[in-house]
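Below, each value reflects all heavy atoms present in this structure, side chains not excepted, and no hydrogens, waters or symmetry copies. Throughout, residue positions are numbered sequentially from 1 according to the sequence presented.
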Amino acid sequence: MGFNRIEDTVFRQLVKARLSYPASKAAMVEYLKNHFDEDVSLSKIYRYLDKLSSNQHEIVQDISVLHTRRILGGHIGILFYDVTTLYFEADYEDELRKTGFSKEGRHKNPQIILGLLVSQGGYPLAYCIHEFYSSSNSGNGTKE
């Protein structure tokens with residue numbers, strides 16, 4: 001697919017585990033140890049996800065889009081974009097996570113907005129994370 005452009009052991013371990021055993025990060029640690037005899041700590045995975053989100057996010061999305069174009073003959077005819085909110089089991093807000101209206105009744109939990117771009121066949125191409133905008137901090141509940 002092209003992910004070999006990212007020469008990072010933890011990235012390869014995460015991709016291998018997610019493709020063969022999509023589970024929680026804690027379960028991935030056990031899976032990698034039991035099936036590949038690879039030791040990776042849960043804290044190392046979490047630290048790596050910070051690196052992925054800040055440094056390698058665009059590379060991963062570029063690889064996904066190029067691969068999708070390749071398998072579709074160079075043309076992505078239709079895209080779907082979905083937006084949802086995710087909440088955190090935390091009692092505090094920060095610059096990204098804000099409290100506000102929640103369809104799931106999680107009004108007191110900080111939330112973020114997650115956008116996902118997928119191809120017609122459902123192949124994920126890109127994502128973005130935005131600060132949660134509630135009616136109390138934007139006036140109408142939408143990002144302006």
Side-chain angles (χ1 to χ4, degrees), residues 1-134 136-138 141-143:
M1 289 180 64
F3 286 112
N4 56 342
R5 279 179 39 197
I6 300 174
E7 296 182 20
D8 188 294
T9 303
V10 177
F11 179 79
R12 291 176 187 274
Q13 291 170 322
L14 290 173
V15 169
K16 183 180 354 180
R18 294 298 285 182
L19 288 175
S20 56
Y21 186 70
S24 70
K25 285 145 196 82
M28 279 196 291
V29 169
E30 290 299 315
Y31 179 79
L32 287 167
K33 177 62 178 163
N34 294 336
H35 295 278
F36 296 98
D37 198 29
E38 294 180 4
D39 284 318
V40 59
S41 72
L42 186 58
S43 63
K44 188 173 188 176
I45 289 174
Y46 284 129
R47 284 193 311 270
Y48 183 78
L49 292 176
D50 288 336
K51 175 183 176 182
L52 179 65
S53 93
S54 63
N55 298 339
Q56 296 175 338
H57 175 233
E58 289 183 25
I59 296 169
V60 169
Q61 290 184 164
D62 183 53
I63 292 167
S64 295
V65 170
L66 290 174
H67 176 72
T68 303
R69 280 189 171 157
R70 195 168 35 253
I71 63 174
L72 295 176
H75 179 69
I76 300 174
I78 189 168
L79 299 171
F80 297 97
Y81 187 74
D82 185 30
V83 177
T84 189
T85 58
L86 301 173
Y87 73 91
F88 295 85
E89 295 286 339
D91 295 328
Y92 59 90
E93 294 183 354
D94 59 24
E95 290 182 20
L96 178 65
R97 300 175 292 185
K98 306 286 184 195
T99 58
F101 177 77
S102 167
K103 293 183 279 186
E104 294 85 22
R106 303 285 184 173
H107 309 298
K108 294 184 191 235
N109 296 103
Q111 303 173 64
I112 60 170
I113 297 171
L114 172 68
L116 178 63
L117 183 68
V118 296
S119 68
Q120 183 174 8
Y123 188 79
L125 300 171
Y127 73 93
C128 59
I129 296 173
H130 300 282
E131 172 187 342
F132 181 75
Y133 284 82
S134 70
S136 64
N137 59 5
S138 72
T142 61
K143 187 172 182 178

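In this structure, K108 places its NZ atom where only 12 or fewer heavy-atom neighbours from other residues, nucleotides or ligands lie under 6.0 Å away.
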Next on the checklist: side chain to side chain contact (heavy atoms under 4.5 Å, CB included) for L32 and Y21? Distances and angles first, verdict last.
Outcome noted: CA-CA 9 Å; L32 287 167; Y21 186 70; over 6 Å; no
Checklist entry - What do the steps show when you test Y92 against R97 for side chain to side chain contact (heavy atoms under 4.5 Å, CB included), and what is the final call? => result CA-CA 8 Å; Y92 59 90; R97 300 175 292 185; 3.5 Å; yes
Next on the checklist: Walk me through whether L86 and I129 qualify under side chain to side chain contact (heavy atoms under 4.5 Å, CB included).
Outcome noted: CA-CA 10 Å; L86 301 173; I129 296 173; over 6 Å; no
Next on the checklist: Assess the residue pair Y48 and V40 against the criterion (side chain to side chain contact (heavy atoms under 4.5 Å, CB included)); give the C-alpha distance rounded to whole Å, side-chain angles, the decisive distance to 0.1 Å, and a yes or no.
Outcome noted: CA-CA 11 Å; Y48 183 78; V40 59; over 6 Å; no
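Electrostatic pairing of R12 and D8 does not count as a salt bridge here, judged by no charged N lying under 4.0 Å from a carboxylate O. Ionic pairing of K16 and E38 is present here: one or more N-O contacts between side-chain nitrogen and carboxylate oxygen are shorter than 4.0 angstrom.
Using a 4.5 Å heavy-atom threshold, the side chains of L117 and Y127 count as separate. The side-chain heavy atoms of R5 and D62, taken from C-beta on, include a pair separated by under 4.5 Å. The closest side-chain heavy-atom distance from V65 to Q61 is not below 4.5 Å. In this structure the side chain of K98 reaches within 4.5 angstrom of the side chain of E131, judged on heavy atoms. Here the side chains of T85 and L114 are not in contact, with every heavy-atom distance at 4.5 Å or above. Side chains of Q111 and T99 form no contact here, defined as non-hydrogen atoms less than 4.5 Å apart. Inter-residue side-chain proximity for L14 and I45 is flagged as met; some heavy-atom pair is nearer than 4.5 Å.
Contact detail for K33 and D39: the closest heavy-atom pair is CD-OD1, 3.0 Å. Between P110 and A90, the shortest heavy-atom distance links the atoms CD-O, 3.1 Å.
Judged by the 6.0 Å distance and 45° axis criteria, K25 is not positioned over the aromatic ring of Y46.
Here the OH atom belonging to Y31 is positioned 4.5 Å from the CZ atom belonging to F36, to the nearest 0.5 angstrom. For the atom pair I63 CD1 and H67 NE2, the distance stands at 11.0 Å (nearest 0.5 Å). The SG atom of C128 sits 10.0 Å away from atom CD1 of I112, with the distance rounded to the nearest 0.5 Å.
The backbone N or O of E30 sits less than 3.5 Å from a side-chain atom of N34, completing a donor-acceptor pair. When atom types are taken as modelled, the side chain of R18 and the backbone of A23 share a donor-acceptor pair closer than 3.5 angstrom. Between the N109 side chain and the F88 main chain, a donor and an acceptor come within less than 3.5 Å of each other.
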